[in-house]
Structures are given as C-alpha cells and as structure tokens.
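The structure under discussion appears below in the form of structure tokens.
Within every chain, numbering begins at 1; the chains are lettered A, B, ... in the order of the sequence lines, protein sequences first and strands thereafter. Basis for what follows: all heavy atoms, side chains included, without hydrogens, waters or symmetry-related copies. Bear in mind that the values here come from a model prediction, so they are computed numbers and not experimental data.
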Amino acid sequence: MTLDAHVRTGRGTFEADVPLLVQPGETVALLGPNGAGKTTVLRALAGLLPLRSGHIRLNTTWDEPPSTFVPPERRAVGVVFQDYLLFPHMPVLENVAFGLRARGVNREAARRAARAQLDAVDLTPYADARPRELSGGQAQRVALARALVTHPDLLLLDEPLSALDAGTRPRVRAELGRHLREFPGCAVLVTHDPLDAMVLADRLVVVEGGRITQSGEPAVIARKPATDYVAHLVGLNLLRGQADGTAVALDTGGTLIVAEPAAGPVHAAFPPTAISLHPERPSGSPRNTWEVAVAGMEQHAHTVRLHLDGAPSVVAEVTPAVIAELGLAPGTRVWAALKATEIQTYPRA
Amino acid sequence: MPPVLVVPAVLGLAFLVVPLIGLLAKAPWSTLPQRLTSPEVLDALELSLVCATLATVLCVLMGVPLAWVLARGDIPGRGFIRALVTVPLVLPPVVGGAALLFALGRRGPVGQVLDDWFGVSLPFTTAGVVVAEAFVAMPFLVISVEGALRAADPRFEEAAATLGASRWYAFRRVTLPSVAPGVVAGTVLCWARALGEFGATITFAGNFPEKTTTMPLAVYLALETDPEAAIVLSVVLLAVSVAVLASLRERWIGG
C-alpha cells in the first residue's frame, strides 16, 4: 500500500525529478513556488502525464517506462482538482456517484454510496443541486466526496484551498484536515501556501525548479529552512556560512556570533523581530552589531518590514514607533543588533 | 451616420429581403390550402423531410465522432484532414454530385463493390438522395460540433478519467452533454442544408417523382410547367427556413 514513486517527467525542456515515498495514512505536501513542477508530479501520479523515466508503484506498477503504463481510469486514484472540475450538467449526487458508475456499479448502489459520502461531508441537502449553485467551500467538499467515493489507494489534491476566499478558508482547511486524517490510503497534496501545507500534511516535500530542496516534518522545516524560498515562506532570515566555534563567517560577507558552537557549513536562521535598530553603534552586551542601510519598507498590519542592506543583508520587523523615532526612510543608515541567542544554527548539506 | 455607409447598407438589406417579399406577394393565398394538400406537393414534402432527416442521422452518427477526432485526437496531419472535411462546404454541389456519381456509380470504384457484394446501387434512388444530402450537409455539422468541442475544457475529461471513466464513457457522460448546444445547432443547420440541397441531388439521384424529386427539385421543375405550384413549394421551404432560424435564435440573433 506504500506509494513508491520516482517521478521524472515534464513539458518541453522542463523536467521534474522527484522521488517520493508515502506510507498509508500519511499526507505528504508538495510545497513550492509556481512553476516548480508540483502539479507535474501530481499529474504523473494520476496518470495524466506519462513518465519519461523512473517509476510509480502502489500495490502494482502504475508507470515504469518503457514497459508499463496504466492509464488513469485503471489506477486506484482520486483527484481533487484546483478548481474542482465538478461536471456542471450533473446534479451533485450524480457527480459523486460518477466514479462508481464509470466502474460499472449499478445506478442504485452507486447512488446509495454517493449519498453516504455526501453525508460524510455534511452536504446531504445539496444532493440535487447543480454545482454552480454551491459555494466554493461546498464545491470543494463535493470534489472531495467524488474523489473518495471509490475508496482510492492514492488521494491527490491540487491546491485544494486556493480557490476559496480568505473568510471560508480556515474552516474548510480544518475540515479537509479531518478527512485527510481519516483517510486510510496515501495522500499527496500540492500547495504553494505554507499554512495549508503545515496544517494538512504529516510531511513536507519542498520542490523548487523540479527538484526536492528540503523535506521533513512541518515543524522542523518551519524552524530550520534550507532555502531562501522556505525561509521567506515561514518568515525567517536565512544566512549561510562557515562555522568555527561560535563564530560564523557568512558567505555574503560579515560574521555572526552564535550561542551554540558548531563547525563547517551551517545555516543561520532568525526571525525578523530579533533585529533591533539603533542610531549609534550599541555596545556592552554580547550581540552582533553591523551597519545597514534601509533598502525598502513594507507596511503590515501592526508592524513595518524593513529590507536592510549590509553585511549581512536581512529583513527586520519593527513597530511604526521605531520608524518615527529613528526617522527611517529608504537610504537611512542605522545600526542593526542581533542577540547571539536568537540565532539558530544547523548544519547544511 | 455617414450616408456612404447607410445607403449601401439599406440597399443590401433590400436586396436580401425584397425577393422574399416578392415571393410572398405572388403566393396564391386563396388556393394555398388546396395546393398544399395536392399529391405532388405532399409527396415532395414527405420525401424531402424523410431524406433530410435520414441524411442528418447519417451525418450525426459519422460527423460527431469525426469532430471529436479532429478536436481531441492526437493524429498527424490534423489540419489537412480538417481541410478535407470542409471541401464539400465550398465545392459547387453539382461537382459533389458528379464526384459521388463517379465514385458510387455502378462503374465507380466503390459503387462496383456495393453492386457486386450487396447488389446495392445508389445513383438515381431515394438512398442516393440521402447520400447526396449527407455529403453536402455533413461539414456544417462537423464544423459546428468541433468548434463546441474545442471550446469545451478538456480537463473535465481528465477528471472523468481519474474517476475511472473510459474515454467512451467520458465522451458519453461528460463531453457530449457539455457540447450539446453545439451538437443541436450543428444538427439543425445540417438538416436545413440537407433539406435545401439541389445540385448534388439532381446530379447524383436524378429527378424521379416520388423517388428522388425533393422540394427544391420540385420547385425547379414546376417553374416551367406550373409557376404557381413553384411559388407554393417555395413558400413552404421559406417557412421551414424561418422555423430553423427561430429555433437557433438564441445562438445567432440573440446578440
């Protein structure tokens, strides 16, 4: 029942090369920027895009060029598409029953099973509704019911929450999480939203440029990002350097003093709120200080994000009061300070 | 509005409408009921309706799959095949009829086989009328359905495939319903074209009353012998055309 895949395929010159192992009952999120190849991997798993090389196995071999290719309709797979793709001319119940009818289940039995599945997503009253009469959240649940009704071994979800507005998203996300935890098969979720990935998945696989750049438990990835993309997603500053004891010589210039001694190539990560700004060089306490220039400012809800040029360049988050106090504007030169204990270092592959 | 545009526009409209008004003005309205129920008119009308309908059935059975292959099939030379399909659309119908005669005539390559193996001969028969009408009308259906298929989102078919649907099942339950308006429009158009077919029919099927004399042929014949009958037949065809247009109004004159 384990999904064992090495997806190597793509379009034109772009090729994704993603090995993937998913245990039954596990939900793996493919997280990455647009165009990273996440959807390519999903389409290959579904059978909508044949592999160029590699393999996909789940119970049996689904795809292994050049000898084997099982078309999508003969894979035990369920897909929730990004915009759901509910059949617009069929009532909700027929949409959910479709997978069973297509597999030759008779009309009565298919409808019974579809009704039970609709019940499981709390949409029984909408059995006779047309898809266009549903809200985004309801349509997503119908799509989930339709994908689950055939009891697939592999459930694939392509950006399942991206079509929803911010208001309904948290509730639908929580509900989807409940269904995913109850789902006994392997689940692969594609998303570019770190929150969706962290909440819904047991394990994250970060895909950038068609390759896996990091994988692991959500909490670990959030704490120890390995790429700028992930660091940006989880809102951390990420710097690379060579550690020698508690001193890290940064690749981009400058040195950081850290609390935990280490040796060799390391990542150094710290939140933007750990940076404090001063008009003069602060002295006395065991902290890192360096001169920076304000390169950009972004207003957020209650804070301002500052892009600071220096050695190293970092992102800082401060209150509007600090902006006023220091008279910060693009180009202003100030001193940045960062406590050694705020920096997390971890070895880099 | 500049007169340089308005004047030709009005002329153009008059050019299209005046002949029809002339036809209606000439119609022998008082004797129309008798004329309509005369055996010649009824025979021609019945033959026309039956042949056009059979031709349309033939076109739907072959044309919808052909449109699907053109829109979705992964085949080499698709553009060339599409061009071939549209040839009867621009070909003078009489040339189409002659071509049919050469191919399906008793000494034609296909006609000989039909005759030798099945004892079937198509030229100058009612079946020949159906064949001639289908030949000329099918491109209308194919183009209309193919356009609808191209506009339909193929991802719905992918969704159906992931749900276990074979391509045939997906075609029946997902693709076809989603292009139903296009199929209906194409069918109506195809039927109207078949009903009005003249050149290919008279060339391939000849003009034999009760066998191959459809309404357009009857109109042509009657013009020489009985102009009033020609007008009556024409009015009937005009009425059918208007009915077809009305049935398509949402698609074509809704804007």
Side-chain angles (χ1 to χ4, degrees), chain A residues 39 42-50 62 70-91 94-105 107 110 114 117 130-131 139 142-158 188, chain B residues 60-61 63-65 67-76 78-79 141 144-189 247-251 254:
Chain A
T39 298
L42 205 76
R43 288 176 61 80
L45 294 175
L48 297 171
L49 185 67
W62 285 3
V70 178
E73 63 268 25
R74 289 199 276 119
R75 298 186 185 192
V77 69
V79 186
V80 175
F81 290 89
Q82 184 166 8
D83 36 9
Y84 316 134
L85 297 178
L86 299 178
F87 303 129
H89 57 280
M90 286 181 206
E94 289 302 315
N95 261 283
V96 178
F98 187 90
L100 296 170
R101 296 286 290 137
R103 286 175 167 85
V105 175
R107 188 184 300 260
Q117 197 69 50
R130 297 272 158 174
V142 173
L144 184 68
R146 185 176 71 169
L148 287 176
V149 77
T150 56
H151 300 290
D153 293 333
L154 175 62
L155 180 64
L156 303 170
L157 305 105
D158 191 3
V188 177
Chain B
V60 169
L61 288 179
V64 172
W68 185 81
V69 169
L70 284 176
R72 290 281 193 276
D74 191 15
I75 46 169
R78 179 154 51 172
L141 180 93
S144 178
V145 176
E146 198 210 342
L149 282 170
R150 283 164 164 287
D153 191 341
R155 293 181 312 143
F156 283 106
E157 289 165 36
E158 291 188 345
T162 66
L163 289 164
S166 65
R167 291 200 91 175
W168 168 234
Y169 189 81
F171 175 75
R172 262 192 318 128
R173 290 217 46 208
V174 175
T175 314
L176 209 48
S178 72
V179 298
V183 174
V184 169
T187 304
V188 171
L189 212 56
S247 76
L248 291 176
R249 69 185 184 286
E250 280 186 9
R251 274 180 87 78

Discussion item. Looking at Arg172(B), I'd like to know if its CZ atom is crowded, meaning that more than 12 non-hydrogen atoms belonging to other residues, nucleotides or ligands lie closer than 6.0 Å.
Written reply: yes

Discussion item. Tell me every residue that passes salt bridge (Lys or Arg N to Asp or Glu O under 4.0 Å) with Arg150(B), counting only those two or more places apart in sequence or in another chain.
Written reply: Glu146(B)

Fill in: Contact origin within Ala160(B) toward chain A - heavy atom pairs under 4.5 Å
both

Worksheet entry | Heavy-atom contact with chain B under 4.5 Å, split by part of Arg43(A) | side chain

Response to the item:
Rounded to the nearest 0.5 Å, the CE atom of Met90(A) sits from the CZ atom of Arg173(B) at a distance of 4.0 Å

Response to the item:
Interface check, chain A: of Ala180(B), Ala170(B), Ser178(B), Pro177(B), most non-hydrogen pairs under 4.5 Å belong to Pro177(B)

Item to complete: Against chain B, label Leu86(A) side chain, backbone, both or neither, depending on which of its atoms sit under 4.5 Å from a heavy atom there.
Response: backbone

Fill in: Partners passing side chain to side chain contact (heavy atoms under 4.5 Å, CB included) against Val105(A) (at least two apart in sequence or in another chain)
Leu100(A), Ala109(A), Ala110(A)

Response to the item:
d(Leu85(A) CG, Leu163(B) CG) to nearest 0.5 Å is 10.0 Å

Item to complete: Ignoring hydrogens and angles, tell me if any N or O in the side chain of Arg74(A) forms a donor-acceptor pair with the backbone of Ser166(B) under 3.5 Å.
Response: no

Worksheet entry | Distance, nearest 0.5 Å, that separates OG1 of Thr162(B) from CG of Leu154(A) | 11.0 Å

Fill in: Smallest separation among heavy atoms of His89(A) and Val174(B), with atom names
CE1-O, 3.6 Å

Item to complete: Inspect the surroundings of CZ in Arg167(B) and state if more than 12 heavy atoms from other residues, nucleotides or ligands are less than 6.0 Å away.
Response: no

Fill in: Pairwise distance CG(Leu49(A)) to CD(Glu158(B)) - rounded to 0.5 angstrom
9.5 Å

Worksheet item: What's the shortest heavy-atom distance between Ala159(B) and Arg146(A), and which atoms?
Response: CB-NH2, 4.1 Å

Item to complete: Check each atom of Tyr169(B) against the heavy atoms of chain A and say whether the ones under 4.5 Å are side chain, backbone, both or neither.
Response: side chain

